[in-house]
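Keep in mind that the numbers below use all heavy atoms, side chains included, and drop hydrogens, waters and symmetry copies. The model shown is predicted, which means the values in this text are computed figures rather than measured ones. All ligand and atom numbering here is 1-based and tracks the order in the structure.
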Amino acid sequence: MSETSENKASINHGSDADLPQRSRLSFDLDVDIAVVGAGLAGLTVALEAARLGASVAVLEGRHIGWNASGHQLGTVMPGYGVPIADLIARIGLEDTRELWALSKEGAGLVRALATEELMPGIATSEGALEVSKVDVGDHLIARLQMLSEDFETEVEGWQVDRVRAEIKTDRYFHGVYYPKAFQIDGRKYVHGLAALARRAGARIFEDTPVVSIDASGIRKRIVTPSARLRASHIVLAGNVHLGAPLRRLSETLLPVWRYAAVTAPLGERLSEAMTFKGSVSDTDGIDHFRIVEGDRLMWASPETTWAARPERFAGPIQRRIRTIFPLLGPVQIAEVWGGVTGQTVHGMPQIGQLRKGLWVASGFGRQGLNTTAIAGQLIARSILWGDERWRLFSPFELVWAGGATGRVAGLGIGMWNRAAADAAGALARYRERARSREQVREARLAEANRQAGTKPPSSRTPPGRPRPQPPANRHGEKSVS
Ligand SMILES: Cc1cc2nc3c(=O)[nH]c(=O)nc-3n(C[C@H](O)[C@H](O)[C@H](O)COP(=O)(O)OP(=O)(O)OC[C@H]3O[C@@H](n4cnc5c(N)ncnc54)[C@H](O)[C@@H]3O)c2cc1C
């Protein structure tokens with residue numbers, strides 16, 4: 001992928017002054033495991049493999065956390081980018097349970113690395129709330145039951161009042177609260193991972209693009225502009241950027257650029273609009289935000305299927321904040337940045353062995369923290385211990401993402417989903433207002449009947465009138481009205 005502005009344009013998003021000097025691979029090298037890419041995926045594989053005693057080299061074309069991994073919001077949740085119901089439909093309940101358990105293990109590994117290893121400035125905060133933009137109480141109860149009973153995940157159902165007591169907007173209805181989810185400083189985490197990997201013995205070479213790979217022999221060969229490397233295993237953790245060394249693999253991912261911003265300090269007015277301290281995301285996957293540094297909002301929302309300058313999205317994010325929190329009034333945006341996620345056609349990550357000794361850890365989409373941790377652990381343990389659990393991901397094959405046509409289609413589908421979700425939200429709010437008007441009318445009528453000594457009619461719904469159904473939500477299930 002050519003140099004684009006998406007990451008260069010990140011405005012003052014952290015300082016590089018405290019990072020170790022970069023070193024480029026300029027001599028030939030022989031190792032057990034070569035990892036292509038120093039994002040979350042590559043670094044976790046490197047750390048886990050080095051801890052298990054392998055000699056590891058990481059080759060990074062730019063620098064550590066150059067793209068998505070250094071520009072994420074740091075929310076660590078269980079699960080994948082695919083609704084559980086879809087996973088069950090595809091691979092059955094038992095395998096879905098195992099995959100889900102792995103996703104919790106992944107989150108646990110991130111927590112352990114971030115906190116037990118005392119990554120400097122990692123700033124954890126607890127809890128995440130997934131809010132619904134439509135009024136789906138019954139649906140919520142079914143989901144809570146499934147998560148807690150079938151998937152042993154600690155969750156709480158929040159009724160509308162509870163959600164709105166902590167997040168003061170009429171845009172959200174019910175919520176699913178994950179008390180064990182948490183937040184970290186995403187950029188500090190990726191550099192913390194690199195430091196731990198180095199400490200475990202892995203060597204990380206930046207400004208070292210891999211230009212070709214020969215994976216046919218027992219000892220695989222990698223060529224970079226100024227060196228050659230031989231390894232028994234190669235792990236491809238290059239996300240959508242992999243390019244020439246295995247173009248067909250890159251083409252199984254649809255690149256989606258996601259943009260985020262942090263506001264200027266908002267003072268007291270932020271605590272009047274939101275007291276919830278964890279992260280908030282809506283079930284349609286449109287907005288994702290949380291409070292940082294006490295009185296700023298960090299907010300991710302817009303997406304494109306092409307590279308654009310992040311600054312362009314300061315206005316749209318400002319407007320999005322205004323739409324959700326009119327109470328806040330005008331907000332100033334202090335920084336905007338973006339990163340590319342790789343989306344697979346089926347929505348699940350690519351974790352596994354392509355041929356003997358050639359591994360892939362890619363396609364983590366918007367939920368890359370727990371899932372890259374799983375990938376790192378499974379791949380390292382398979383290479384060094386023969387742990388075969390990565391095969392749970394085998395049903396999710398490498399599917400061509402459709403090239404340029406796929407991007408255009410992806411954009412169309414993304415826009416349609418967002419518009420449908422907004423329409424469903426508007427309908428839900430309309431019905432909520434209509435319901436409260438109806439309640440006022442009924443109270444007045446009851447009072448008039450009481451005074452006149454007459455009985456109220458049994459039902460006020462005209463017979464035979466169909467009730468409007470909101471569109472299917474992100475979980476692929478019809479919302480229950
Ligand atoms: C705005 C935003 C917010 C997000 N928020 C969250 C969040 O809150 N929680 C969460 O779980 N996830 C979040 N994500 C998703 C998460 O960031 C990604 O899923 C994750 O970072 C993907 O990691 P990766 O290592 O696969 O890819 P990348 O970070 O893209 O790393 C791949 C690396 O490989 C290198 N590379 C590629 N090809 C070559 C080659 N040929 N030679 C050498 N090097 C190569 C690249 O230079 C790059 O550095 C967010 C993403 C974005 C953009």
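In this structure, H288 has a heavy atom closer than 4.0 Å to ligand 1. Residue contacts with ligand 1 leave out G243, since none of its heavy atoms falls under 4.0 Å from the ligand.
Residue nearest to atom 34 (O) of ligand 1, selected from P209, G186, A181, G37: G37 (by heavy-atom distance). When the heavy atoms of P245, G363, G70, S69 are ranked by distance to atom 23 (O) of ligand 1, first place goes to S69. Remark: among candidates E60, H71, Q367, H63, the nearest residue to atom 33 (C) of ligand 1 is E60, based on non-hydrogen atoms.
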Practice task
Begin with the C-alpha distance, continue with both residues' side-chain angles, and end with the deciding distance and a verdict on salt bridge (Lys or Arg N to Asp or Glu O under 4.0 Å) for R381 and E388.
Solution key: CA-CA 8 Å; R381 288 183 182 182; E388 292 292 277; over 6 Å; no
Problem - Worked check of side chain to side chain contact (heavy atoms under 4.5 Å, CB included) between L328 and T263 - result: CA-CA 12 Å; L328 270 179; T263 66; over 6 Å; no
Exercise for the section: Determine, stepwise, if the pair R296 / E335 fulfils salt bridge (Lys or Arg N to Asp or Glu O under 4.0 Å). Expected result: CA-CA 11 Å; R296 293 172 188 252; E335 299 169 27; 5.4 Å; no
Handout entry: From CA spacing to verdict: salt bridge (Lys or Arg N to Asp or Glu O under 4.0 Å), R111, E126
Key = CA-CA 11 Å; R111 187 187 280 278; E126 301 296 319; 2.9 Å; yes
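In terms of polar-atom proximity, V340 is not counted as a contact of ligand 1, lacking any N or O under 3.5 Å from an N or O of the ligand. Taking only nitrogen or oxygen atoms, main chain and side chain alike, N67 does not reach within less than 3.5 Å of ligand 1. For ligand 1, the polar-atom distance check against L73 finds a nitrogen or oxygen pair separated by under 3.5 Å. For ligand 1, the polar-atom distance check against A260 finds no nitrogen or oxygen pair separated by under 3.5 Å. For the pair A41 and ligand 1, the shortest N or O to N or O distance falls below 3.5 Å. Not a single N or O atom of G339, backbone or side chain, sits closer than 3.5 Å to an N or O atom of ligand 1. Considering backbone and side-chain atoms alike, R366 places an N or O below 3.5 Å from some N or O of ligand 1.
When ring centroids are compared, F276 and F289 stay outside the 6.0 Å threshold.
Atom 43 (C) of ligand 1 has its closest protein heavy atom at G61 N, 3.0 Å. Among all non-hydrogen protein atoms, the one lying nearest atom 40 (C) of ligand 1 is V36 CG1, 3.6 Å. T75 N, 3.0 Å is the protein heavy atom nearest to atom 8 (O) of ligand 1. Scanning the protein for heavy atoms near atom 15 (C) of ligand 1, the closest one is G365 O, 3.2 Å. Protein heavy atom at the shortest distance from atom 51 (C) of ligand 1 is T341 CG2, 3.7 Å. The protein non-hydrogen atom at the shortest distance from atom 32 (C) of ligand 1 is A237 O, 3.5 Å. In this structure, the protein non-hydrogen atom closest to atom 4 (C) of ligand 1 is Q72 CB, 3.3 Å. Taking atom 42 (N) of ligand 1 as the reference point, the nearest protein heavy-atom neighbour is V210 N, 2.9 Å.
For the side chain to side chain donor-acceptor pair (under 3.5 Å) test, no residue two or more places apart in sequence or in another chain qualifies with R355. By the side chain to side chain donor-acceptor pair (under 3.5 Å) test, S125 is found to be paired with Q183, residues two or more places apart in sequence or in another chain being considered.
No hydrogens or angles considered: a donor-acceptor pair under 3.5 Å links the side chains of Y259 and T304. Side chain to side chain, H233 and W359 meet the donor-acceptor criterion of an N or O pair below 3.5 Å.
Using a 4.5 Å cut-off on side-chain heavy atoms (C-beta onward), Y178 and E154 make no contact. Two residues are said to be in side-chain contact when any heavy atoms from C-beta on lie closer than 4.5 Å; I374 and E105 fail this criterion.
Which parts of ligand 1 touch F364 is read off a 4.0 Å heavy-atom cut-off, strictly below it: atoms 19 (O), 26 (O). Taking a cut-off of under 4.0 Å to the non-hydrogen atoms of T208, the atoms of ligand 1 that pass are 43 (C). Atoms of ligand 1 lying under 4.0 Å from any heavy atom of G74, numbered from 1 in the order shown and given with element: 7 (C), 8 (O). Atoms of ligand 1 lying under 4.0 Å from at least one heavy atom of G238, given by number and element, are 32 (C), 34 (O), 36 (N), 37 (C), 38 (N).
No part of A300 comes within 4.0 Å of ligand 1, judged by heavy-atom distances. By the criterion of a heavy-atom distance under 4.0 Å, the backbone of L59, and not its side chain, is placed next to ligand 1. Neither the backbone nor the side chain of S279 has any atom closer than 4.0 Å to an atom of ligand 1 (non-hydrogen atoms only).
Each of D28, D30, D32 was checked for a salt bridge (Lys or Arg N to Asp or Glu O under 4.0 Å) with R230, and the lone residue meeting it is D30.
At a threshold of 4.0 Å, the pair D287-R320 counts as salt-bridged, since one of the basic side-chain nitrogens sits closer than that to a carboxylate oxygen.
Within the cation-pi definition used here (under 6.0 Å to the ring centroid, within 45° of the axis), R162 qualifies as a partner of W158.
At least one donor-acceptor pair under 3.5 Å links the side chain of K220 to the backbone N or O of A215. Remark: the backbone N or O of S132 is not paired with any side-chain donor or acceptor of R171 at under 3.5 angstrom.
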